[in-house]
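Take a look at the structure below.
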Amino acid sequence: MIRVIKKIIAAPFVLLAAIVILLEDWLWDDLARLAAAIGRLPIFHQIESLIVWLPPYLSLLLFGFPSLLLFPVKFASLYLIANGQPVFGFLIAAAAKIIGTALVARIFNLTKPKLIQINWFAYLYEKITAFKKRIYDAIKATHIYKIAHYRKEKFKRAFKSWKNARKSIWRKRWEAAKRYMRKSKRTHE
């Protein structure tokens, strides 16, 4: 009986955790790609080169730094929400979450080989990854997810088709020229 009550009480929190994990996972990959593109800029590329060579515990310190850096921003957003500016506070919190996730994703991708050398971090990483996989698999098995996924894919195909149909002749020529340049560059290497 107590087990059933615990499950009923925990259900909303599990649902909230699942939603947060899914959103962060969806953001993680895209934001990591965006941060990697920014990291290819010369000044950031040099910084990233230094980050890759950090020892494990300095990598861990650097990995946690963006989270600490965002605490004042999160408190400021809570202050704004509490003092009658909920929209502005929410926008600040959302922007901080997106920027923080992008930064943490990039730093994690750069420092992961070093972080995994720390035994307790590797253990936690394995447990968290397995937990996220179980949640994601359970959500993917639901009927609602399957419908939403199907509609998302259908929308993506329709959008891609629309986007390709509206390309001007100049855009098509530009893309053909880029393909030709890439092809000629590969043949000369």
Side-chain angles (χ1 to χ4, degrees), residues 1-36 56-159:
M1 180 70 169
I2 293 176
R3 186 177 266 174
V4 173
I5 293 172
K6 281 184 179 179
K7 283 186 177 183
I8 291 170
I9 292 172
F13 297 108
V14 171
L15 178 64
L16 182 62
I19 291 169
V20 168
I21 287 171
L22 280 175
L23 287 174
E24 196 152 280
D25 270 356
W26 288 337
L27 284 174
W28 186 273
D29 294 334
D30 293 333
L31 292 175
R33 280 193 294 275
L34 175 65
Y57 281 97
L58 277 179
S59 295
L60 181 64
L61 185 65
L62 182 66
F63 177 61
F65 185 70
S67 299
L68 294 174
L69 196 63
L70 290 175
F71 270 121
V73 176
K74 290 177 182 178
F75 284 130
S77 72
L78 284 174
Y79 176 80
L80 290 170
I81 291 169
N83 288 300
Q85 296 182 337
V87 174
F88 193 55
F90 176 76
L91 289 175
I92 288 176
K97 182 66 176 165
I98 291 169
I99 292 168
T101 300
L103 191 58
V104 168
R106 186 62 187 154
I107 291 172
F108 181 73
N109 286 339
L110 292 171
T111 60
K112 183 180 175 185
K114 299 292 176 98
L115 294 174
I116 297 299
Q117 293 175 10
I118 303 170
N119 291 334
W120 63 266
F121 187 91
Y123 174 80
L124 286 175
Y125 176 73
E126 182 181 310
K127 294 295 180 187
I128 290 170
T129 304
F131 174 71
K132 285 172 43 176
K133 183 180 179 339
R134 281 195 315 272
I135 288 176
Y136 200 65
D137 289 346
I139 291 171
K140 284 173 69 176
T142 64
H143 185 65
I144 293 171
Y145 178 87
K146 289 176 184 174
I147 291 170
H149 182 71
Y150 169 76
R151 290 197 175 152
K152 180 185 114 182
E153 292 300 317
K154 186 176 176 183
F155 175 78
K156 281 172 62 176
R157 286 190 303 272
F159 182 74

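Remember, predicted model here, so these are calculated numbers, not experimental data.
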- prompt: Within a radius of less than 6.0 Å around CD1 of Ile144, do more than 12 heavy atoms belonging to other residues, nucleotides or ligands occur?
  reply: no
query: Of all heavy-atom pairs between Val104 and Pro66, which one has the smallest distance, and what is that distance?
result: CG2-CB, 3.8 Å
Compile the donor-acceptor pairs under 3.5 Å between side chains in residues 109-118 and protein atoms, sequence neighbours left out, one pair per line.
unit_1, atom_1, unit_2, atom_2, d
Asn109, ND2, Ala105, O, 3.4
Thr111, OG1, Ile107, O, 2.7
Lys112, NZ, Tyr125, OH, 3.1
Lys114, NZ, Leu54, O, 3.0

- request: Look at the rings of Phe108 and Phe121 and say which category their plane angle falls in: under 30° parallel, 30 to 60° tilted, over 60° perpendicular.
  value: tilted
Separation of [Y] [atom2] from [X] [atom1] (nearest 0.5 Å):
| X | Y | atom1 | atom2 | answer |
| --- | --- | --- | --- | --- |
| Phe71 | Ser67 | CZ | OG | 7.0 Å |
| Lys154 | Arg151 | NZ | CZ | 8.0 Å |
| Leu124 | Thr129 | CG | OG1 | 10.0 Å |

List, one per line, each side-chain donor-acceptor pair under 3.5 Å for residues 72-88, sequence neighbours excluded.
unit_1, atom_1, unit_2, atom_2, d
Ser77, OG, Lys74, O, 2.8
Asn83, ND2, Tyr79, O, 2.9

message: Less than 4.5 Å apart, side chain to side chain, heavy atoms only: is that true for Tyr150 and Ile147?
response: no
Min side-chain heavy-atom separation Tyr123-Lys127 under 4.5 Å: yes
